[in-house]
Amino acid sequence: MAGSLKPVGAFAITPHKVSVCILLQIYAPPAQASVPFPFSSVSQHNRLGLFLLALTKSCDDILEPQLDELINQLKEIGGLLNHWLSEHLTRKLSALSSPDDLFNLFSSLRSILGGPETSILEDDQIILDPNSHLGMFLRRCLLAFNLLSFEGVCHLLTNIGTYCKEAVSSCPPYDLPDEDDSNNDLEELLEYEDMDLESFVFRKVAEEAEARKRARESATFHTHTPRSLLGLVEDIQVSADSKYKNCDGIGQGSEFLGPSHDTFRGDDHNSGLFLRTNWQVQGYLREQADLIEKHGSSFPLNAFESILKQLQKLAPELHRVHYLRYLNNLYHDDYPAALENLHCYFDYSAGAEGIDAPSSSSSFISYGNYEIALLCLGMMHCYLGHPKQSLEVLTEAVRASQQHNNDTCLAYTLTSICNLLSEIGISNATGIIASSYSPVTSIGTSLSIQQQLLVLLRRSLKRAESLKLTRLVASNRLAMAKFDLTHVKRPLLSFGPKASTKLRTCPIDVCKELRLSSYLLSEFGSDGASLTIDGAFSTAWLKNLQKPMASSVLSQENRSENGSDAFQFGSQPSSIPGYVLQLAGASYLLRATAWELFGSAPVARLNALVYATCFADGSSSADLALAYVKLIQHLAVYKGYKEAFSAMKLAEEKFLSVSKSRMQLLKLQLLHERALHRGHLKLAQQVCDEIGVLASSVTGVDLELKTEASLRHARTLLAAKQFSQKSGNAVLGLPYVLASLSFCQSFNLDLLEASATLTLAELWLSLGSNHAKRAKALIHRALPMILGHGGLELRARAFIAEAKCYLSDPNFSVLEDSEVVLDSLRQASEELEVLEYHELAAEAFYLMALIFDRLGQLEERESAASSFKDHVIALENPKDDEGLLLDSYST
Amino acid sequence: MGSKDSCRTELRTAIRQLSDRCLYSASKWASEQLVGIEQDPAKFTPSHTRFQRGSSSIRRRFRTNDIPSTPAAGVSYTTTPVPEEDEIVDSDCYLLAKSYFDCREYRRAAHALRDQTGKKAVFLRCYALFLAGEKRKEEEMIELDGPLGKSDAVNHELVSLERELSAYRKSGNIDPFGLYLYGLVLKENGHEDLSRNVLVESVNSYPWNWSAWSELQSLCTTIDILNTLNLKNHWMKDFFLASAYQGLRMHSESLSKYEYLQGTFTFSNYIQAQIAKAQYSLREFEQVEVIFEELLRNDPYRVEDMDMYSNVLYAKECFSALSYLAHRVFLTDKYQPESCCIIGNYYSLKGQHEKSVVYFRRALKLNKNYLSAWTLMGHEYVEMKNIPAAIDAYRRAVDIDPCDYRAWYGLGQAYEMMCMPFYALYYFQKSVYLQPNDSRLWIAMAQCYEAEQLHMLEEAIKCYKRAANCNDREAIALHQLAKLHNELGRSEEAAFYYKKDLERMEDEDREGPNMVEALLFLATHCKAQKRFEEAEVYCTRLLDYTGPEKETAKSLLRGMRAAQSGLPSMDVEHFPP
């Protein structure tokens with residue numbers, strides 16, 4: 001009810017918490033020796049402590065485990081002790097038959113807490129530090145119990161009854177417990193207890209003996225547990241420790257919803273179900289939110305939705321559920337539902353549970369933080385491709401945050417406006433900016449959208465820096481680098497002596513910008529994310545426990561399955577929060593792009609590889625797919641199409657649902673390139689048309705794609721022209737090559753420049769043998785760059801051209817220096833064969849055959865000639881194997 | 001419709017049977033209708049009917065058209081025989097159980113009937129168990145109220161009751177009352193389709209149980225569902241349909257149904273109250289007030305529906321009448337949600353919003369699904385400038401009933417107050433979707449579009465047009481349309497709307513700045529169009545006003561005369577062939 005909210009952190013005592021308290025009592029019995037009674041070793045004792053910590057911290061589920069689940073986990077943890085532990089637990093629980101038993105239990109629990117003067121500890125004494133995590137937990141339980149009304153105690157008692165009963169009959173009975181005649185319940189409990197006691201008396205002696213016996217052997221069983229934890233257990237130590245443990249665990253990358261199998265258990269009856277602590281539930285929701293954002297539409301919509309439904313039923317005042325529902329719907333492109341839930345969430349929460357911790361400023365009380373709602377709505381519209389609405393909303397967000405002095409929100413809003421502007425591009429945005437005067441920028445509408453974007457970017461970067469929002473600064477720097485990459489700064493002077501303009505597309509500049517961002521990222525620890533990490537560790541620890549040791553064959557299989565995709569080896573939870581990984585990863589992708597633009601394929605590949613290996617689990621699958629695409633493109637250029645296609649098959653399997661279009665596009669691109677190389681013009685045209693179809697899909701026209709399609713179309717036509725007039729007019733080509741050369745020089749596009757130089761050399765060469773020397777000089781100038789960064793085709797072309805130069809040089813004698821020419825021709829022919837570039841390969845073999853002929857090496861000549869013939873035939877009669885590939889694409 | 005006499009006999013038997021089964025509210029409803037049937041004046045002395053006559057004269061004053069009491073052609077009513085009791089004499093156990101039940105000792109009642117197998121006994125036992133479960137549920141709801149508002153308290157009897165009743169139904173060993181209870185249980189368990197079928201079965205074989213009809217109505221959330229119900233034609237069906245139409249916001253249909261029913265049940269308070277409800281939704285406050293005055297005269301201790309009366313009094317700002325009503329219901333039963341709501345309304349009218357919130361809150365404690373209290377509390381928070389609280393309150397109303405356009409409208413207004421017009425649009429759109437013929441909603445939406453931050457004038461014009469088309473009482477839309485068109489430089493359209501606005505103001509005898517503005521615009525416009533005669537008319541009208549406009553009009557007139565005398569060729573244009 002409005003205004004009468006209870007404190008959110010409130011803590012309810014439940015049967016599961018009672019169990020944990022009982023286990024705590026075993027863990028730290030008052031006044032005992034360093035290794036208390038049932039434990040045989042320190043490590044065993046510590047393991048229970050760790051288990052309890054993980055239980056109270058893990059966020060893998062919204063519901064507390066049932067007794068049988070707890071006992072199963074205890075089995076893993078307790079090793080040989082498990083019988084004793086679970087027996088003790090159930091016995092203690094079922095002994096609680098009247099409210100008074102509960103009172104006694106809780107007053108006995110008090111004694112295991114240390115007093116305030118815990119610093120004066122006797123040796124070998126185990127006392128729970130009241131300020132440790134477990135100590136706090138116990139104290140909260142005690143407090144919650146003390147606050148219970150008598151009805152509350154009765155409910156707790158009944159609930160413990162059902163909790164035990166369900167553990168006994170592992171399948172829950174259809175009947176609901178009869179609330180009215182609680183006598184019945186009590187009787188049953190008493191019976192149960194009697195039975196238990198009876199058997200217990202007989203077993204007790206034998207067991208104790210057995211436990212002692214085990215104690216002697218057990219030391220060998222737990223050698224892998226580090227002994228770093230002695231006495232008091234502290235949070236930091238634990239996280240370090242569980243990290244160690246996870247190193248030999250199996251990654252669970254593909255498991256989105258661990259507990260989905262038992263989330264439906266409570267649909268019929270809610271009586272035995274309790275939510276975990278608020279902190280744990282929030283942690284769970286946060287983790288799920290990360291997962292949704294990471295996996296996008298491949299996240300299971302309905303399964304998660306039903307969990308949310310249950311959560312809402314159990315905690316109607318936990319409004320965060322609506323936010324998760326919004327995210328879930330958004331990433332499954334359900335616009336109306338997403339909109340509805342977004343509004344619902346902010347109506348209830350007033351932005352108080354929003355992105356960042358609620359600002360405790362006085363303005364919140366009277367106004368709420370609704371500007372965050374606007375920010376989210378704007379981002380939603382942006383995601384769904386409604387730039388106009390998005391800009392309207394974000395403008396409103398700017399106004400609202402200015403009005404309420406919410407600087408943080410303002411900074412975020414500015415950044416998302418930058419994102420929006422850079423995403424929608426020029427053609428869409430002109431209308432928007434002109435129509436809605438934006439007080440955001442307060443720069444005149446005369447500026448182009450790109451200029452506005454730059455100004456905005458600068459401003460938001462400055463704002464983020466002054467507010468010390470490290471995350472935002474980092475992402476702003478990334479955006480800045482991206483901007484630099486995509487926008488070439490024109491020199492201000494367009495005539496007169498060319499000043500050497502320094503372009504910011506230069507990788508060095510981009511990297512500088514990026515380095516600054518990663519430096520900032522190292523300070524992530526300050527913003528409270530470490531808590532979540534802690535929870536995630538506990539979750540992972542518990543999950544690893546549940547993986548049965550016996551089925552190692554199965555896990556081996558899993559592992560090998562994972563191993564098939566060579567990129568993924570870092571799927572253990574890391575100590576770095578996901579968003580940091582994402583930001584840091586994005587910088588590598590940008591670096592790759594920068595180097596690609598610069599023309600250095602190996603460095604670009606390196607960066608893409610780093611991204612794919614190190615940031616695979618932190619990144620969204622769309623980004624990851626992009627990295628893969630880059631790697632495959634590289635493969636195609638450097639290793640030939642066969643390898644590229646086989647790599648692509650793998651990648652396609654991996655990104656089955658996500659960004660399918662990107663993979664399809666890549667496939668078409670590769671097919672087109674190969675068709676061009678092989679001279680299959682018809683096929684090339686066909687593929688071009690396919691790309692065109694891809695560009696204008698149902699969802700809207702992708703202009704960039706469209707451009708590419710037409711560009712490729714042009715290339716196809718050009719190739720056709722080249723074929724028809726093979727010995728075209730070389731002089732006509734000269735001015736174009738020269739123009740492109742100067743262009744490349746002014747834009748620092750070194751590799752392109754090298755290739756232009758090569759073309760120039762080829763042109764000179766075709767003008768006659770008297771220009772051969774000049775051509776050779778040109779080639780030699782470009783060769784280092786080509787060999788260092790160039791692709792197979794370029795290299796081969798350079799080799800052939802070089803060979804031709806030598807051959808046409810009148811001062812050069814083949815007989816004396818044949819290896820110089822042969823070597824480069826051999827190189828060229830090998831590379832061209834990999835590329836299946838028949839035309840050039842034929843040329844290389846032709847030259848080779850000529851040389852061998854001159855040298856009188858007939859055998860070699862014959863083999864070269866037959867290779868030549870093969871390639872010519874292949875060129876003239878294209879085989880239909882790519883038809884198969886196309887078919888496989890279209891089906 | 002059956003004759004009045006047959007209705008009367010049917011109802012008399014039904015009341016006995018219903019109260020015998022402890023279905024008290026259904027029996028109360030039936031009794032109200034029974035005394036609502038007009039007495040035959042020939043059979044009774046005037047003293048018997050005095051009370052009825054006196055009241056009917058007032059009612060007739062406001063009756064627009066007399067509805068003939070004969071049913072429309074083609075509708076034939078089936079007569080459902082009143083079922084015979086299976087046990088003529090109740091067993092001793094049944095008597096014991098019933099007295100326990102009457103003392104609200106439900107479990108004891110159920111226990112007393114544990115071995116009985118008669119249908120009546122079985123029904124009472126199950127019904128008692130159901131109520132016991134409900135009672136316990138209510139208690140647990142308070143006991144289990146967790147930190148996050150965990151309200152998963154359930155009626156623990158439901159599952160076993162469903163099983164038992166379904167077994168009875170399968171074996172055919174169930175009477176209409178049992179079916180009613182079965183339908184109720186099914187509904188609580190979320191099996192809505194089956195529940196609907198069972199309830200239809202129940203009302204078809206025993207139509208006089210109003211509780212069954214109301215349960216059925218709550219399951220008819222769309223008109224399609226309502227139309228697919230296979231119901232026998234009985235006069236009770238008309239009551240059901242009228243109420244169902246009201247639930248589906250088909251107010252005029254509902255109104256005509258009720259007026260038709262009034263032919264037989266002339267003095268039924270229930271029908272009167274329902275008519276008032278429909279009129280209220282149609283915003284006919286005068287009529288509502290008259291109806292309620294009469295209702296209170298006949299039934300002075302009535303609390304039901306009085307919150308609506310208080311809303312009307314609030315809207316009309318009748319301080320003393322509202323305080324009188326509040327006092328009266330307070331003395332009658334202060335722990336009724338309606339009473340609290342009325343008092344809240346009174347304080348709100350007095351401008352004491354904090355106190356008002358206290359009473360709305362009390363109303364919500366008594367019934368946390370009390371829709372109008374949530375909305376009204378939202379209004380109070382808006383008055384107190386506590387926008388987050390207001391939004392929360394409205395939102396809860398919307399979550400209880402997503403069709404409550406008032407709460408959606410409130411949400412929109414709250415966000416508009418926060419200077420978030422674009423965000424507010426979403427809510428106005430929702431409310432206008434639910435109530436497309438309400439000019440206020442369209443105007444609110446238009447104002448959002450018009451806000452200087454958004455400045456989407458085309459959209460605003462569209463909304464104002466809709467508002468102008470649906471009976472805009474405050475006549476905002478026409479004026480705004482004219483202004484906006486003027487702003488966009490479309491003087492023809494602007495002139496059209498100014499003229500319309502002017503006509504309206506003349507019709508309603510209103511004066512004011514809008515009048516001056518319209519006249520001034522029209523004068524200049526006509527002059528610019530060289531329609532000097534028209535322009536002169538407007539100018540002379542302007543001369544009646546004081547202020548700068550008068551001077552402008554004078555100078556306009558002077559200019560026109562000069563133009564006319566100087567350029568006689570104007571006449572050709574003025575009177576085109």
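Fair warning: this is a prediction, and the values are worked out from it, not measured in the lab. Just so it is clear, the values below take in all heavy atoms, side chains as well, and ignore hydrogens, waters and symmetry mates. Here is how names work: the chains are called A, B, and so on, in the same order as the sequence lines, proteins then strands, and each is numbered from 1.
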Is B:Arg104 atom CZ crowded by more than 12 heavy atoms from other residues, nucleotides or ligands, each under 6.0 Å away?
-> no
Exceeds 12 heavy-atom contacts within 6.0 angstrom, atom NE2 of A:His386 | yes
Aromatic plane relationship, A:His343 with B:Tyr427 - under 30° parallel, 30 to 60° tilted, over 60° perpendicular | perpendicular
What distance do [X] atom [atom1] and [Y] atom [atom2] have between them, rounded to the nearest 0.5 Å?
X	Y	atom1	atom2	result
B:Arg395	A:His319	CZ	NE2	11.0 Å
A:Glu151	B:Glu139	CD	CD	9.0 Å
B:Leu425	A:Glu392	CG	CD	9.5 Å
A:His381	B:Phe422	NE2	CZ	5.5 Å
B:Cys419	A:His404	SG	NE2	7.5 Å

Contact part of [X] toward chain B, heavy-atom cut-off under 4.5 Å: side chain, backbone, both or neither?
X	answer
A:Gln312	neither
A:Gln403	side chain
A:Cys344	both

Can you find a heavy atom in the side chain of A:Glu371 that is under 4.5 Å from one in the side chain of B:Tyr423?
-> no
Given side chains that start at C-beta, do those of B:Tyr426 and A:Leu342 come closer than 4.5 Å, heavy atoms only?
-> no
Which atoms form the tightest heavy-atom contact between A:Tyr370 and B:Ile387, and what is the distance?
-> OH-O, 4.4 Å
Heavy-atom distance under 4.5 Å to chain A: side chain of B:Asp399, backbone, both or neither?
-> side chain
Between B:Tyr394 and chain A, which part of the residue has a heavy atom less than 4.5 Å away: side chain, backbone, both or neither?
-> neither
